[in-house]
Visitor: 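Below you will find the structure I want to go over with you.
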Amino acid sequence: MQRDIEIAELRRLTQYIDDNFDYDFKNYAMSSFTRRVRRVIELYKFTSVEALIKKFKNNPSFFQEFVSEITVNVTEMFRDPTFWSSLRDEIIPDVIKEHRKISIWHAGCSSGEEVISMCILLKELDCLESATIVATDIDQSIINKAKKASFSAKNMELNKQNYERYGGKNDFLSYFVEDEGFFYIKPELIERVSFRVQDLVKGNPFSKFDLILCRNVMIYFNQTLQNEVLKKLHGSLFKYGNLAIGSKESLIWCDIANKFVVVNNEEKIYKKIKD
């Protein structure tokens with residue numbers, strides 16, 4: 001049985017990663033980060049955290065495998081269907097009516113299911129051609145997977161059920177091409193999407209958006225880091241832009257809380273009212 005990982009060991013690990021790979025894990029939620037580091041140690045049969053650090057020193061390319069293992073990439077299309085209904089019925093039509101176009105950032109896009117859902121939603125609102133979409137994640141391998149936009153047949157039934165609960169207009173599978181047990185999104189549906197690797201912690205705002213989705217990402221950060229990330233998201237929104245966060249997340253306690261108003265409390269959608 002593996003011994004507990006000491007706080008001092010985690011600090012040495014996060015400092016080494018910050019110094020050598022420019023990724024900052026120091027303010028991730030401690031219990032969650034510890035659990036994932038322990039999983040990596042067990043999976044690769046390292047004897048200790050020091051052995052993991054030694055692996056990084058001897059084989060720096062292993063770091064991307066490490067990132068892939070410790071980041072959470074469990075998602076599905078049209079997850080929380082009522083959230084997507086709110087975007088379709090309230091949020092996006094208001095932006096299009098005002099500006100005739102919309103810019104969207106998926107911050108922490110994981111393997112792309114959320115992005116695909118957005119593209120289908122915009123297509124059904126007949127405004128996909130008016131959209132600019134940026135999708136980012138910390139993990140290069142998961143960005144590569146998102147770009148590929150292929151999904152195993154075994155997962156498509158749940159995605160289809162979510163789409164139907166959301167109230168989709170068409171046959172869900174008509175948006176995909178099936179090939180040998182995988183479903184590939186039709187290329188014309190994601191041609192407006194730019195996929196990029198970005199660390200929310202270290203990265204700086206790179207554009208302005210009408211809508212930012214950062215859902216179920218900050219639950220893995222401690223409060224200090226959540227506060228800093230929310231400031232960056234605020235700075236990346238146009239005035240009167242909308243921010244959507246996860247159902248277990250909140251911004252009412254943070255430093256910039258008074259710069260937002262609640263649009264939909266149940267679905268955790270907020271509008272920026274102050275710069």
Side-chain angles (χ1 to χ4, degrees), residues 72-96 101-137 139 142-178 182-196 209-217 233 241-249 263-264 266-269:
V72 176
N73 294 303
V74 178
T75 185
E76 58 202 48
M77 294 178 212
F78 293 97
R79 183 180 185 179
D80 305 320
T82 56
F83 166 78
W84 292 96
S85 300
S86 295
L87 291 187
R88 178 195 62 205
D89 298 339
E90 304 162 30
I91 306 302
I92 292 174
D94 284 351
V95 176
I96 295 293
K101 59 182 181 178
I102 186 168
S103 55
I104 301 169
W105 177 19
H106 295 268
C109 69
S110 188
S111 48
E113 283 86 343
E114 181 182 88
V115 181
I116 298 300
S117 304
M118 181 63 75
C119 291
I120 291 173
L121 181 155
L122 294 170
K123 179 70 174 175
E124 294 188 355
L125 283 177
D126 199 27
C127 63
L128 182 56
E129 296 302 312
S130 303
T132 302
I133 304 168
V134 177
T136 65
D137 200 275
D139 181 0
I142 209 70
I143 282 290
N144 294 341
K145 184 177 180 182
K147 282 183 181 177
K148 191 176 179 183
S150 69
F151 308 94
S152 66
K154 68 180 182 180
N155 295 329
M156 290 302 283
E157 184 56 36
L158 175 58
N159 295 330
K160 182 172 181 286
Q161 289 173 6
N162 286 345
Y163 172 78
E164 289 169 353
R165 288 170 57 206
Y166 144 80
K169 290 181 178 180
N170 299 315
D171 172 11
F172 176 67
L173 296 182
S174 69
Y175 293 112
F176 300 85
V177 176
E178 185 179 6
F182 285 86
F183 286 81
Y184 296 82
I185 192 71
K186 291 181 177 178
E188 62 269 21
L189 286 171
I190 59 166
E191 62 185 10
R192 312 283 304 177
V193 183
S194 171
F195 291 97
R196 307 179 192 178
F209 298 92
D210 299 299
L211 172 62
I212 297 176
L213 292 84
C214 187
R215 305 179 69 222
N216 306 306
V217 175
L233 297 178
N242 294 280
L243 171 64
I245 60 177
S247 60
K248 295 180 181 178
E249 298 166 336
V263 176
N264 188 318
E266 190 169 327
E267 304 300 343
K268 297 298 179 72
I269 303 172

Visitor: Flag the pair Asn242 / Asp210 as yes when at least one side-chain heavy-atom distance between them is below 4.5 Å, and no otherwise.
Guide: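 Heavy-atom side-chain distance check fails, nothing below 4.5 Å.
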Visitor: Run the side chain to side chain contact (heavy atoms under 4.5 Å, CB included) check on Met118 and Leu122 step by step: do they pass?
Guide: CA-CA 6 Å; Met118 181 63 75; Leu122 294 170; 3.9 Å; yes
Visitor: Measure the spacing between CE of Met156 and OH of Tyr163 and express it to the nearest 0.5 Å.
Guide: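 The OH atom of Tyr163 is 11.5 Å from CE of Met156, to the nearest 0.5 Å.
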Visitor: As an exercise, state the distance from CD1 of Ile269 to CG of Asn264, rounded to the nearest 0.5 Å.
Guide: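 The CG atom of Asn264 is 5.0 Å from CD1 of Ile269, to the nearest 0.5 Å.
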Visitor: Output the distance between atom CD (Glu113) and atom CD1 (Ile116), rounded to the nearest 0.5 Å.
Guide: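 Spacing of CD (Glu113) from CD1 (Ile116) equals 8.0 Å.
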Visitor: Is the number of heavy atoms from other residues, nucleotides or ligands within 6.0 Å of CD (Glu266) greater than 12?
Guide: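 No, because the 6.0 Å sphere around CD of Glu266 holds 12 heavy atoms or fewer from other groups.
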Visitor: Ignoring hydrogens, what is the shortest heavy-atom contact between Lys268 and Gly246? Give both atom names and the distance.
Guide: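 Residues Lys268 and Gly246, closest heavy atoms: CG-O, 3.5 Å.
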Visitor: Enumerate the residue pairs fulfilling ring pair (Phe, Tyr, Trp, His ring centres under 6.0 Å) with a member in residues 104-127, sequence neighbours excluded, ordered by first and then second residue.
Guide: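 The answer is Trp105-Phe206, Trp105-Phe209.
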Visitor: Less than 4.5 Å apart, any side-chain heavy atom of Ile142 and any of Cys109?
Guide: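 No - every pair of side-chain heavy atoms lies 4.5 Å or more apart.
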Visitor: Does Ile133 form a side chain to side chain contact (heavy atoms under 4.5 Å, CB included) with Cys119? I'd like the steps, not just the answer.
Guide: CA-CA 9 Å; Ile133 304 168; Cys119 291; 4.0 Å; yes
Visitor: Looking only at side chains, do Tyr175 and Glu124 share a donor and an acceptor under 3.5 Å apart?
Guide: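 Yes.
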Visitor: Do you know which two heavy atoms are closest between Val115 and Ala135, and how far apart they sit?
Guide: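 In terms of heavy atoms, the two residues are closest at CG2-CB, 3.7 Å.
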Visitor: So do Lys101 and Thr132 actually touch side chain to side chain, heavy atoms under 4.5 Å?
Guide: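 Counting from C-beta outward, Thr132 and Lys101 never come under 4.5 Å.
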Visitor: Would you please name every residue forming a ring-ring contact (aromatic ring centres under 6.0 Å, His included) with Phe176, sequence neighbours left out?
Guide: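 Here the qualifying residues are Phe172.
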Visitor: Evaluate the side-chain proximity of Phe78 to Lys160: yes if any heavy-atom separation is below 4.5 Å, no if none is.
Guide: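 Lys160 vs Phe78: side chains apart.
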Visitor: Run the side chain to side chain contact (heavy atoms under 4.5 Å, CB included) test on Val134 and Ile104 for me, step by step, so that the C-alpha distance in whole Å, both residues' side-chain angles and the decisive distance to 0.1 Å come before the verdict.
Guide: CA-CA 6 Å; Val134 177; Ile104 301 169; over 6 Å; no
Visitor: Answer whether the closest heavy-atom distance between the side chains of Ser152 and Asn155 falls below 4.5 Å.
Guide: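 They are in side-chain contact.
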Visitor: Test Ser247 against Glu249 for side-chain hydrogen bond (donor to acceptor under 3.5 Å, both in side chains), laying out the working first.
Guide: CA-CA 6 Å; Ser247 60; Glu249 298 166 336; over 6 Å; no
Visitor: Apply side chain to side chain contact (heavy atoms under 4.5 Å, CB included) to Arg196 and Thr136, showing your working.
Guide: CA-CA 5 Å; Arg196 307 179 192 178; Thr136 65; 4.1 Å; yes
Visitor: Which residues pass the salt bridge (charged side-chain N to carboxylate O under 4.0 Å, His left out) test with Glu191, not counting sequence neighbours?
Guide: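 Glu191 satisfies salt bridge (charged side-chain N to carboxylate O under 4.0 Å, His left out) with no residue once adjacent residues are dropped.
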Visitor: Within 45 degrees of the axis of the six-membered ring of Phe83 and under 6.0 Å from its centre: does Arg88 put its NZ or CZ there?
Guide: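 Output no; distance or angle outside limits.
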Visitor: Are side-chain heavy atoms of Ser150 and Phe183 found at a separation under 4.5 Å?
Guide: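 No - every pair of side-chain heavy atoms lies 4.5 Å or more apart.
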Visitor: Would you indicate whether the side-chain heavy atoms of Ile92 and Cys127 approach each other to under 4.5 Å?
Guide: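 A side-chain contact under 4.5 Å exists here.
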Visitor: Is any side-chain heavy atom of Arg192 closer than 4.5 Å to one of Glu129?
Guide: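 Yes, their side chains come closer than 4.5 Å.
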Visitor: How far does NZ of Lys123 sit from CG of Leu128, to the nearest 0.5 angstrom?
Guide: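 Going from NZ on Lys123 over to CG on Leu128, the span is 6.5 Å.
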Visitor: For the residue pair Asp171 and Ser174, what are the closest heavy atoms and their distance?
Guide: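 Answer, listing the atom of Asp171 first, then Ser174: O-OG, 2.5 Å.
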Visitor: So, taking the atom named CG in Asn159 and the one named CG in Leu173, what distance separates them when rounded to the nearest 0.5 Å?
Guide: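 With rounding to 0.5 Å, CG (Asn159) is 9.5 Å from CG (Leu173).
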Visitor: Test Glu76 against Asn162 for side-chain hydrogen bond (donor to acceptor under 3.5 Å, both in side chains), laying out the working first.
Guide: CA-CA 9 Å; Glu76 58 202 48; Asn162 286 345; 3.1 Å; yes
Visitor: Show the numbers, then the answer: is there a side-chain hydrogen bond (donor to acceptor under 3.5 Å, both in side chains) between Glu114 and Thr75?
Guide: CA-CA 8 Å; Glu114 181 182 88; Thr75 185; over 6 Å; no
Visitor: Measure the OH-CE distance between Tyr166 and Met77 for me, rounded to the nearest 0.5 Å.
Guide: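 Going from OH on Tyr166 over to CE on Met77, the span is 13.5 Å.
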Visitor: Output yes when a side-chain donor or acceptor of Trp84 lies under 3.5 Å from a complementary backbone atom of Ser117, and no otherwise.
Guide: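 No, the answer is negative, given that no donor and acceptor are paired below the 3.5 Å cut-off.
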